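Quick caveat, the model's predicted, so the values are computed rather than measured.
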2 protein chains.
Amino acid sequence: MSTDDLIGHVERLRAAPLDRWPTRDRILYEAGRLMAAKGYHGASTRDISTAVGIRQPSLFSHFPSKRDMLVELMRYEMSVPTDKARQIAAESAPAADRLLRYMQWDFDWYARMPLDLRGIKEELLDEPGLERFKGELAAWKRAIERIVRDGIHAGEFHDASPAVVSTMMSSISWEIVRTSGLGRSRSASSTLRLGAAEFILRGLLVDRG
Amino acid sequence: MSTDDLIGHVERLRAAPLDRWPTRDRILYEAGRLMAAKGYHGASTRDISTAVGIRQPSLFSHFPSKRDMLVELMRYEMSVPTDKARQIAAESAPAADRLLRYMQWDFDWYARMPLDLRGIKEELLDEPGLERFKGELAAWKRAIERIVRDGIHAGEFHDASPAVVSTMMSSISWEIVRTSGLGRSRSASSTLRLGAAEFILRGLLVDRG
DNA sequence: CCTACCGATCGGTAGG
DNA sequence: CCTACCGATCGGTAGG
């Protein structure tokens with residue numbers, strides 16, 4: 001599935017109640033929830049199947065292995081935002097515009113994500129078969145830091161460290177993953193969403209509007 | 001062990017080569033490293049004992065259970081900084097002073113930590129027997145946000161969201177845990193350490209010095 | 001999507 | 001700190 005297909009699929013899931021989701025997506029939902037609570041290794045395939053309401057071996061007619069559930073969640077967590085960051089970084093609008101627009105898209109993507117991505121951690125990229133996501137993570141970072149560097153070069157931004165900015169941004173996305181999502185309270189994360197983008201821009205802009 | 005004892009113990013570990021550490025600390029070191037790489041559940045007691053160079057059952061003459069290794073690591077990760085934050089928050093110096101001083105201490109604590117704390121995640125607080133650390137996490141947050149609120153009230157700081165500030169700060173600490181420590185490169189984290197404290201203060205201060 | 005089942009590995013104990 | 005070993009649980013397969 002392409003990035004646009006994944007985005008469209010998420011829209012459809014958001015529009016339907018959980019018990020109307022295809023089994024495959026319900027498996028992904030419960031796998032995400034349990035990996036968030038117990039970690040990837042701590043969430044057993046029996047836990048997942050019980051939550052879905054099927055028997056453990058039935059999982060393997062939807063996914064060839066537990067790892068493939070993780071790979072699918074990783075696409076939502078990482079591949080889609082990386083694609084979006086690359087796309088916005090390549091535009092020619094002022095850096096402040098691009099950075100704000102990306103942050104809004106990013107924070108919104110995670111805040112409205114119907115799957116639970118809290119268990120999808122960077123260390124899992126060391127698991128065999130997940131190495132390819134390391135390249136995507138690096139590409140995301142490169143895209144964001146390119147926007148910051150553009151802004152510094154154009155005199156819009158202070159001479160801040162691009163790495164500090166990308167770090168703070170991904171930390172905030174992660175915090176949004178942690179505090180929002182289906183079934184969790186969104187109020188804390190909505191304060192964060194608005195406050196953080198403003199805070200980051202305030203720290204960067206030479207001319208504070 | 002009290003907070004001061006833990007701080008002193010860390011100083012001593014830092015001063016000695018790993019192979020001169022007491023077995024108990026070498027176990028903690030390898031447990032931390034492996035939990036960072038594979039998660040708490042993914043790091044088996046056999047993995048840990050092999051890394052230490054002893055047999056698996058020998059671990060249990062140093063720790064009553066695997067969970068107790070986690071509890072000990074949690075003390076370094078959480079109890080010590082919470083104590084320090086509470087202490088600095090209670091002082092009467094200007095908020096900007098206190099905030100900067102705490103950030104310097106905090107970022108330095110994690111940057112020079114000889115144990116690997118990357119596997120010590122907030123979700124683990126839901127494990128049975130670890131609930132008490134939830135209170136410490138809340139106390140840390142309360143202490144930081146009290147400093148920010150003091151600063152806003154005194155007119156030193158903009159009317160920012162205290163929750164956004166504490167979130168950004170803990171995200172940065174976490175990033176330092178991820179990028180520094182024994183055997184990892186410290187250069188990225190030293191940029192972050194200096195840049196982030198400056199960035200946060202710049203975003204807060206009414207009068208940008 | 002089910003029942004029946006596999007070999008491997010888990011955390012931990014007994015006893016020295 | 002060791003050897004020997006425990007019952008429980010793991011991810012996954014066979015065959016319908």
Side-chain angles (χ1 to χ4, degrees), chain A residues 18-74 116 119-121 123-131, chain B residues 18-74 116 119-121 123-131:
Chain A
L18 182 57
D19 58 10
R20 301 277 305 276
W21 289 14
T23 301
R24 189 185 144 89
D25 290 302
R26 277 190 294 135
I27 291 171
L28 224 42
Y29 175 83
E30 301 296 349
R33 230 171 40 81
L34 286 156
M35 289 175 190
K38 307 179 163 195
Y40 172 67
H41 294 279
S44 75
T45 52
R46 278 163 185 83
D47 290 340
I48 296 167
S49 69
T50 302
V52 173
I54 59 180
R55 306 289 178 163
Q56 182 255 2
S58 303
L59 294 175
F60 299 95
S61 56
H62 295 276
F63 293 92
S65 75
K66 184 182 168 185
R67 170 162 309 131
D68 287 276
M69 300 176 198
L70 179 58
V71 167
E72 187 87 1
L73 290 169
M74 205 73 92
D116 192 333
I120 314 307
K121 305 288 172 52
E123 317 83 62
L124 291 172
L125 302 186
D126 291 322
E127 298 280 322
L130 273 79
E131 301 87 359
Chain B
L18 182 57
D19 58 11
R20 301 276 307 276
W21 289 14
T23 302
R24 189 186 144 88
D25 290 302
R26 277 191 293 135
I27 291 171
L28 269 185
Y29 175 83
E30 301 295 349
R33 231 174 37 83
L34 286 156
M35 289 176 190
K38 306 179 164 197
Y40 172 68
H41 294 279
S44 75
T45 52
R46 279 164 184 84
D47 291 339
I48 296 168
S49 69
T50 301
V52 174
I54 60 179
R55 304 289 177 163
Q56 181 257 2
S58 304
L59 294 175
F60 298 96
S61 56
H62 295 277
F63 293 91
S65 74
K66 183 182 168 185
R67 170 162 309 131
D68 287 277
M69 302 176 196
L70 179 58
V71 166
E72 187 88 0
L73 290 169
M74 204 73 91
D116 192 333
I120 314 307
K121 306 287 170 55
E123 319 81 62
L124 292 172
L125 303 186
D126 291 322
E127 298 279 323
L130 274 78
E131 302 86 357

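Side-chain atoms of A:Leu28 and A:His62, non-hydrogen and from C-beta on, never get closer than 4.5 Å to each other.
Partners of A:Ser58 according to the side chain to side chain donor-acceptor pair (under 3.5 Å) rule, which considers only residues two or more places apart in sequence or in another chain, do not exist here. Remark: A:Ser65 engages A:Arg67, A:Asp68 in a side-chain contact (heavy atoms from CB on, under 4.5 Å) (not counting sequence neighbours). Scored by the side-chain contact (heavy atoms from CB on, under 4.5 Å) test, A:Thr45 finds A:Gln56, A:Leu59, A:Phe60, A:Lys66 as partners (sequence neighbours excluded).
Residue pairs satisfying the side-chain hydrogen bond (donor to acceptor under 3.5 Å, both in side chains) criterion with at least one member in residues 33-44 of chain B, sequence neighbours excluded, are listed as follows: B:Glu30-B:Arg33, B:Lys38-B:Asp47, B:His41-B:Glu127, B:Ser44-B:Asp47.
Between atom CZ of residue A:Arg24 and atom CD of residue A:Glu72 there is a gap of 4.5 Å, rounded to the nearest 0.5 Å. In this structure, the separation between CZ on B:Arg20 and CZ on B:Arg26 is 11.5 Å, given to the nearest 0.5 Å.
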Fill in the blank from the handout: Heavy-atom contacts, protein to nucleotides 1-14 of chain D, under 4.0 Å, summarised as B (base), S (sugar-phosphate only) or - (none) per nt, yield BBBB-----BBBB-

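Consecutive pairing runs in DNA chain D reach the stem threshold at C:1-16 with D:1-16, where a stem means at least three Watson-Crick or G-U wobble pairs with distances under 3.5 Å.
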